[in-house]
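Below, read A as the first sequence line, B as the second, and so on, with proteins coming before strands; counting in each chain starts at 1. These numbers come from the heavy atoms of this one structure, side chains and all, not from hydrogens, waters or symmetry mates.
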Protein chains: 2
Amino acid sequence: MLTDRQLQVLKVIVDDFVETAQPVGSRNIAKKEEITFSPATIRNDMADLEELGYLSKTHSSSGRVPSEKGYRYYVDNIMSPLKLSSREVNQIQHSFSERMMELERVMQNSAHILSELTKYTTLVLGPQVYETKLKQLQIVPINQQSAIAILITDTGHVEHRSFAIPADLEQSDLEKTVNILNERLSGVPIIYLDHLIKSEVKYLLQKYTNDFEKSYQLLNQALFTEQPTNLYVSGKTNILSQPEFADVDKIRSLFNIMESEEKMAPILKSEDEGMHIYIGHENKIEAMNDCTLITATYSLGENQVGTIALLGPTRMDYAKAVSILDMWSGQMTNTLKKWFNEQ
Amino acid sequence: MLTDRQLQVLKVIVDDFVETAQPVGSRNIAKKEEITFSPATIRNDMADLEELGYLSKTHSSSGRVPSEKGYRYYVDNIMSPLKLSSREVNQIQHSFSERMMELERVMQNSAHILSELTKYTTLVLGPQVYETKLKQLQIVPINQQSAIAILITDTGHVEHRSFAIPADLEQSDLEKTVNILNERLSGVPIIYLDHLIKSEVKYLLQKYTNDFEKSYQLLNQALFTEQPTNLYVSGKTNILSQPEFADVDKIRSLFNIMESEEKMAPILKSEDEGMHIYIGHENKIEAMNDCTLITATYSLGENQVGTIALLGPTRMDYAKAVSILDMWSGQMTNTLKKWFNEQ
DNA sequence: AATTAGCACTCGAAGATATTGAGTGCTAAC
DNA sequence: GTTAGCACTCAATATCTTCGAGTGCTAATT
């Protein structure tokens with residue numbers, strides 16, 4: 001168990017190092033207002049803290065630097081929530097302004113604003129579509145060979161895909177197909193679409209259209225070709241300003257991960273709701289071993305959960321990051337509740 | 001005027017430097033198969049070429065490096081088109097495969113593949129919409145407060161925007177508005193929409209709907225709020241592998257530009273069609289002063305011109321870059337012609 | 001007259017050596 | 001338990017040396 005003084009020393013070291021990115025020496029600690037004891041005393045405490053694994057040195061005669069364990073302790077036991085400035089609060093609220101009626105825009109905007117406020121990289125993963133329901137399906141022919149399928153969900157999400165119309169498909173069959181689909185599929189959760197089409201709609205099509213095979217094939221092509229983008233990243237370049245990322249190789253491997261939705265999505269998805277902090281090697285991906293990732297979930301409806309995350313160096317302003325994510329979560333939940341109850 | 005031998009020396013220096021990124025010395029040049037004279041002779045030529053401004057040294061006893069003027073001369077007078085490997089040809093053709101019916105996808109895909117092939121950054125600027133015509137306008141209500149407007153153009157481009165429905169707008173007015181719009185605006189070039197609405201449609205709305213003011217306001221809100229994204233960038237991280245971008249500050253300023261459509265679009269748009277090569281300080285933006293930008297236009301229809309560009313260090317494999325862009329342009333033009341004639 | 005061999009010279013890169021100063025750990029005094 | 005004092009450590013920085021790839025110039029060769 002740490003003494004009060006040790007705790008205080010650890011806090012000062014983390015705070016100072018987060019700010020300056022330089023190892024913190026005993027003399028500098030002693031200079032702080034809140035510190036009332038001498039450098040020698042502090043040195044003793046630091047030696048203890050180092051033995052316990054909360055601090056480390058960059059070399060034998062350097063000042064101390066928080067270890068990952070030290071950050072962990074700071075996050076779990078020391079840091080206190082920060083009061084955000086009114087400017088920060090305003091900006092966050094602004095990203096939920098009324099004119100933003102689309103989830104996509106809200107996410108994009110939030111990512112942008114949070115990365116501005118924190119100077120870290122913000123990642124927003126859209127909600128999984130477990131419960132999203134199909135509102136309407138439309139097919140708009142463009143020319144003889146191609147048409148566009150437009151899916152609209154009850155959350156206001158619009159998805160469109162163009163596809164080739166089989167050459168020998170009759171116009172009437174196309175129309176019938178669309179009618180059947182709209183009739184049978186409206187209100188159905190997206191996730192069941194595939195199943196429902198395979199079971200029920202298939203027979204309807206077979207019954208009412210002349211060229212079932214073509215219609216069915218077309219349908220599959222139009223609806224199930226590709227996963228839509230669901231990851232919004234903003235402020236990637238902020239990472240470049242951090243002194244720990246002076247190495248171009250590091251930057252490259254990190255950027256490669258962030259640009260790939262497949263790699264990033266599983267990292268962001270967490271089993272349970274709420275906030276999670278992954279410090280350094282707590283991140284399973286090697287390229288992120290000197291980063292901290294803070295994730296927070298937001299939910300719309302019952303089972304739809306999305307994630308927002310901040311990515312920065314382990315030397316992160318944890319209190320600020322957490323407070324800002326917290327603020328955002330609250331606003332987001334409010335907005336979505338209002339939004340959902342209204343419709 | 002350069003002698004044949006000087007020309008040959010310049011060519012070897014550019015080719016070698018592009019490959020190795022190291023200053024080229026006379027001994028190394030003499031070792032090349034195609035070179036039949038001694039280092040001393042080459043040194044004399046190099047001294048002349050330097051005096052003429054085509055070469056420079058990194059320090060007084062280093063080998064030579066092409067200057068921007070040297071690259072310019074190489075591009076204008078020396079380099080010969082490269083025959084692409086069948087792998088490269090295949091990959092480019094693949095990005096135009098039949099299933100890609102949407103311009104957006106083609107652009108995204110092309111950007112990706114070209115950056116893979118060249119290891120430079122690829123930027124694709126979508127065509128300006130001067131001539132694109134509105135095919136269909138649909139308005140899909142999501143709930144009491146909001147709806148989504150979907151614009152489909154004759155090029156298969158789909159644009160959607162959600163907007164708030166004024167609280168006191170009657171349902172019937174909304175429907176009437178949409179009907180009027182579809183009737184009057186189909187086939188109209190997007191660029192004239194605004195004008196046509198202000199002149200003609202305005203009166204129709206006034207005549208047939210109860211709450212003209214609301215309908216009109218809604219219309220403006222739905223159609224003219226924001227410019228759609230039109231810039232696709234791929235392979236930004238490729239730049240990180242180039243030795244000339246070891247400096248993080250350089251990277252940052254370059255990334256900042258590439259991430260901003262407002263900054264990038266005017267650079268990419270060129271007055272006239274065809275290929276343009278901007279070497280080093282020929283780029284007006286300071287951050288790009290040690291880059292080369294090669295732009296090529298592609299066109300669909302009569303007046304619609306888009307741009308594709310490769311961005312790399314001035315030490316670029318010009319022959320390859322030009323050949324690949326050339327290949328792509330040809331394919332793109334073909335594809336679009338076929339596409340347009342069919343509809 | 002053009003080309004080439006020969007040679008002194010230049011200068012960056014890489015390694016070795018000295019200097020400085022911020023910081024530590026330990027011991028003894030308070 | 002706390003602190004002053006002091007010897008010690010080591011990264012950062014500067015200075016010097018060595019090495020070699022490269023040059024420019026001059027004189028010899030073709």
Side-chain angles (χ1 to χ4, degrees), chain A residues 1-10 12-17 19-32 34-67 70 243-244 246-247 315, chain B residues 1-10 12-17 19-67 70 243-244 246-247:
Chain A
M1 198 47 209
L2 298 189
T3 66
D4 278 359
R5 201 179 55 208
Q6 286 170 336
L7 220 92
Q8 201 182 355
V9 168
L10 179 54
V12 169
I13 290 177
V14 172
D15 288 340
D16 192 273
F17 184 65
E19 190 185 336
T20 66
Q22 295 298 321
V24 189
S26 55
R27 254 176 63 87
N28 274 312
I29 297 176
K31 276 184 207 146
K32 305 257 165 187
E34 66 268 35
I35 299 297
T36 52
F37 13 87
S38 76
T41 312
I42 292 166
R43 280 204 290 282
N44 290 332
D45 280 340
M46 291 202 294
D48 294 345
L49 286 168
E50 182 173 6
E51 205 168 343
L52 291 167
Y54 296 118
L55 296 179
S56 63
K57 293 189 262 192
T58 59
H59 59 87
S60 75
S61 70
S62 78
R64 296 310 204 293
V65 157
S67 67
E244 26 272 282
D247 178 14
R315 183 183 61 78
Chain B
M1 197 51 207
L2 298 188
T3 67
D4 280 358
R5 202 179 54 210
Q6 287 170 335
L7 221 93
Q8 202 181 355
V9 168
L10 179 53
V12 169
I13 291 177
V14 171
D15 288 340
D16 193 272
F17 184 65
E19 191 185 337
T20 66
Q22 295 298 320
V24 189
S26 55
R27 254 174 64 86
N28 276 311
I29 297 176
K31 277 184 205 147
K32 306 257 164 183
E33 275 183 22
E34 68 266 35
I35 299 295
T36 53
F37 11 87
S38 75
T41 312
I42 292 166
R43 280 205 288 281
N44 291 331
D45 281 340
M46 291 201 294
D48 293 347
L49 286 167
E50 182 173 5
E51 203 168 343
L52 291 166
Y54 297 117
L55 296 178
S56 63
K57 292 190 263 192
T58 59
H59 60 90
S60 74
S61 70
S62 78
R64 298 308 205 291
V65 156
S67 67
E244 25 272 281
D247 178 15

[N] base to [X] side chain: any donor-acceptor pair below 3.5 Å?
X: B/Arg27; N: D/dG20; result: no
X: B/Ser60; N: C/dT10; result: no
X: A/Ser61; N: D/dT9; result: yes

Check: Taking for each residue the nucleotide of DNA chain D with the nearest heavy atom, is it A/Ala40 or B/Ser62 whose nucleotide lies nearer the 5' end?
Finding: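 The 5'-side residue here is A/Ala40.
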
Atom-to-atom span, [atom1] of [X] to [atom2] of [N] - whole angstrom:
X: B/His59; N: D/dT23; atom1: NE2; atom2: C1'; value: 10 Å
X: B/Asn44; N: D/dG22; atom1: CG; atom2: C1'; value: 14 Å
X: B/Met46; N: C/dT4; atom1: CE; atom2: P; value: 14 Å
X: B/Arg43; N: D/dC25; atom1: CZ; atom2: C1'; value: 10 Å
X: B/Gln22; N: D/dA21; atom1: CD; atom2: C1'; value: 12 Å
X: B/Ile29; N: D/dG22; atom1: CD1; atom2: P; value: 10 Å
X: A/Leu55; N: C/dG25; atom1: CG; atom2: P; value: 11 Å
X: A/Gln6; N: D/dG1; atom1: CD; atom2: C1'; value: 13 Å

With a cut-off of less than 4.0 Å, is there a side-chain N or O of [X] near OP1 or OP2 of [N]?
X: B/Ser26; N: D/dT23; result: yes
X: A/Lys57; N: C/dG25; result: yes
X: B/Arg5; N: C/dT3; result: yes
X: B/Thr41; N: C/dT4; result: yes

Notebook entry, point to check: Out of D/dG24, C/dC11, C/dT24, which has the shortest distance to the side chain of B/Ala47?
Noted result: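 Of the options given, the side chain of B/Ala47 lies nearest D/dG24.
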
Notebook entry, point to check: Where the side chain of A/Ser38 is defined as all heavy atoms beyond and including C-beta, which of C/dT4, D/dA4, D/dT23 is the nearest nucleotide?
Noted result: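 Selected nucleotide (nearest to the side chain): D/dA4.
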
Notebook entry, point to check: Which residue lies toward the 5' end of DNA chain C, A/Arg64 or B/Phe37, if each is placed at its nearest nucleotide?
Noted result: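 Upstream on the strand: B/Phe37.
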
Next item on the list: Determine yes or no for a side-chain-to-main-chain donor-acceptor pair under 3.5 angstrom, with B/Ser62 supplying the side chain and B/Thr58 the backbone.
Entry: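 A pair under 3.5 Å: yes.
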
Item checked: B/Glu34 backbone acceptor or donor facing B/Gln8 side chain under 3.5 Å ->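 It does hold such a pair.
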
Note to self: How about CD on A/Glu51, more than 12 heavy atoms from neighbouring residues, nucleotides or ligands closer than 6.0 Å, or not?
What the structure shows: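 Not buried by this count: 12 neighbours or fewer within 6.0 Å.
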
Item checked: Student check: side-chain heavy atoms of A/Asp45 and A/Leu10 closer than 4.5 Å ->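 Heavy-atom side-chain distance check fails, nothing below 4.5 Å.
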
Margin query: Could you check whether any side-chain heavy atom of B/Met46 comes within less than 4.5 Å of a side-chain heavy atom of B/Ile13, counting everything from C-beta outward?
Written below: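 A side-chain contact under 4.5 Å exists here.
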
Notebook entry, point to check: Across the strands shown, which category fits B/Asn28 at heavy-atom distances under 4.0 angstrom: base, sugar-phosphate, nothing?
Noted result: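 It contacts sugar-phosphate atoms only.
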
